[in-house]
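In this chain, numbering begins with 1 at the start of the sequence shown.
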Amino acid sequence: MAAYTYCEAVTGQQARNFAYGIRLLPADKRQAMSALYAFSRRVDDIGDGELAPDVKRERLESTRALLGRIREGAVAEDDTDPVAVALTDAARRFPIPLGGLDELIDGVLMDVRGETYETWDDLEVYCRCVAGAIGRLSLGIFGNAASTAAAERASQYADTLGLALQLTNILRDVREDAGNGRTYLPADDLAKFGCSDGFHSATPPAGSDFAGLVHFEVRRARALFADGYRLLPFLDRRSGACVAAMAGIYRRLLDRIERDPEAVLRGRVSLPGREKAYVAVRGLSGLDTRTITRQSARRRA
């Protein structure tokens, strides 16, 4: 289907980290994940664009209306919107909980309103909308244990893993977000480490313990990863490899941030393509999946 080809092209071009994991899936799941990513990318692009806030809100609500048509299966195969066509087909083939995309739109609307967060509990609500929901949506494509109890646990772990990824993104992008007038880290944490003045230069705020702030948030992200990785035993080999690869790339990114906290003020911290490919190969081989499962088990003991 040409619509899937379009979505896979979008994923390959724009999903700098996720694409390495998505490539490990069998064709039908890879296509469905690409459709999900392309729709999510559209929502994010509206929020991140240069349009006036009222225009952004209008376009986000139009996208929500399109999601309603997709949910109803009312998008024809010859529709001119390839993302809508592909996601409609994917939702027919897999039990994707499309309400998660409503949550994503709600989260992006929080960005449009310029919301800030006093505590981690406040920020967690936002992260569940823009990232935890994506984890739960993906689980509908990956598949999980047949029992209701197992499905609920898997959904919880997928949600938590999404939070870990989003918090890593927030740490990576503190300077870029500040330039766009956004601050995501909780105000309580910023005050605790003397960073309330923001991150508008390549050096930490005067008199702050910026490294302490970063290490504090890194520990929080690591705890979320440890809990979220409990998802892996619920997945088949290829789906588990996909998740291990995507999460493994972010864990290595977190390692880099921990080693040099001020790097996030100097520019975007990233991994070279060869390192991402290495992580993907380890995911497919099962090496990272087994290692992560053992580490998570030790943490719970």
Side-chain angles (χ1 to χ4, degrees), residues 17-18 36 40 43-44 47-48 60 64 97-140 144 151-178 180-193 195-196 198-199 210 212-232 234 243 246-247 249-251 253-254 257-258 261 264 292 296 299-300:
N17 294 322
F18 289 156
L36 177 59
S40 301
V43 175
D44 286 341
D48 292 338
L60 286 168
R64 196 192 300 275
L98 291 175
L101 289 170
D102 275 308
E103 293 180 58
L104 173 61
I105 293 170
D106 291 340
V108 174
L109 283 168
M110 294 168 76
D111 281 336
V112 174
R113 291 193 296 269
E115 293 195 18
T116 56
Y117 308 96
E118 290 297 316
T119 66
W120 165 247
D121 287 344
D122 297 331
L123 179 60
E124 187 176 5
V125 173
Y126 169 78
C127 291
R128 288 194 187 281
C129 285
V130 300
I134 301 301
R136 287 178 268 117
L137 285 157
S138 301
L139 193 60
N144 60 299
E152 290 175 353
R153 289 200 303 275
S155 180
Q156 174 187 335
Y157 299 146
D159 186 274
T160 302
L161 192 55
L163 265 62
L165 301 181
Q166 186 62 24
L167 182 53
T168 303
N169 273 339
I170 288 170
L171 285 173
R172 180 195 65 190
D173 296 339
V174 289
R175 174 78 183 278
E176 180 180 335
D177 289 334
N180 292 323
R182 295 176 182 172
T183 300
Y184 290 101
L185 290 174
D188 283 357
D189 296 351
L190 297 177
K192 178 178 179 181
F193 293 95
C195 295
S196 300
F199 311 104
F210 180 73
L213 171 67
V214 170
H215 290 149
F216 178 79
E217 303 298 348
V218 165
R219 288 193 295 273
R220 174 177 280 150
R222 290 198 189 285
L224 291 168
F225 272 116
D227 194 36
Y229 274 137
R230 296 165 71 179
L231 170 66
L232 293 176
F234 291 87
V243 172
M246 291 190 291
I249 288 169
Y250 275 83
R251 283 180 72 237
L253 188 63
L254 198 64
I257 293 171
E258 182 179 37
V264 300
I292 290 163
S296 295
R299 187 182 181 93
R300 296 195 303 273

> Is any side-chain heavy atom of Glu217 less than 4.5 Å from a side-chain heavy atom of Val174?
no
> Is any side-chain heavy atom of Arg64 closer than 4.5 Å to one of Leu109?
yes
> Which heavy atom of Asn17 sits nearest to which heavy atom of Arg172, and what is that distance?
ND2-NH1, 3.9 Å
> Between Phe210 and Pro261, which heavy-atom pair has the shortest distance, and what is it?
CE2-O, 3.3 Å
> Looking at every non-hydrogen atom in both residues, tell me the closest pair between Gly228 and Thr160 and how far apart they are.
N-CG2, 4.0 Å
> Side chain to side chain contact (heavy atoms under 4.5 Å, CB included) between Asp48 and Arg182: does it pass, once the steps are laid out?
CA-CA 11 Å; Asp48 292 338; Arg182 295 176 182 172; 3.1 Å; yes
> Measuring centre to centre across the rings, with the benzene-like ring taken for any Trp, is Tyr250 within less than 6.0 Å of Phe225?
no
> What closest approach, in Å, do Arg175 and Phe199 show between heavy atoms, and which atom pair accounts for it?
CD-O, 3.4 Å
> Specify the closest pair of heavy atoms between Tyr184 and Tyr117, including all atoms of both residues, with the distance to one decimal.
O-CD1, 3.7 Å
> Provide the closest heavy-atom pair for Leu137 versus Leu98 in the form atom of the first, atom of the second, distance.
CD2-CA, 3.9 Å
> Which value, rounded to the nearest 0.5 Å, describes the distance between Arg136 atom CZ and Leu161 atom CG?
12.5 Å
> Indicate yes or no: at least one non-hydrogen side-chain atom of Leu167 is less than 4.5 angstrom from one of Leu254.
no
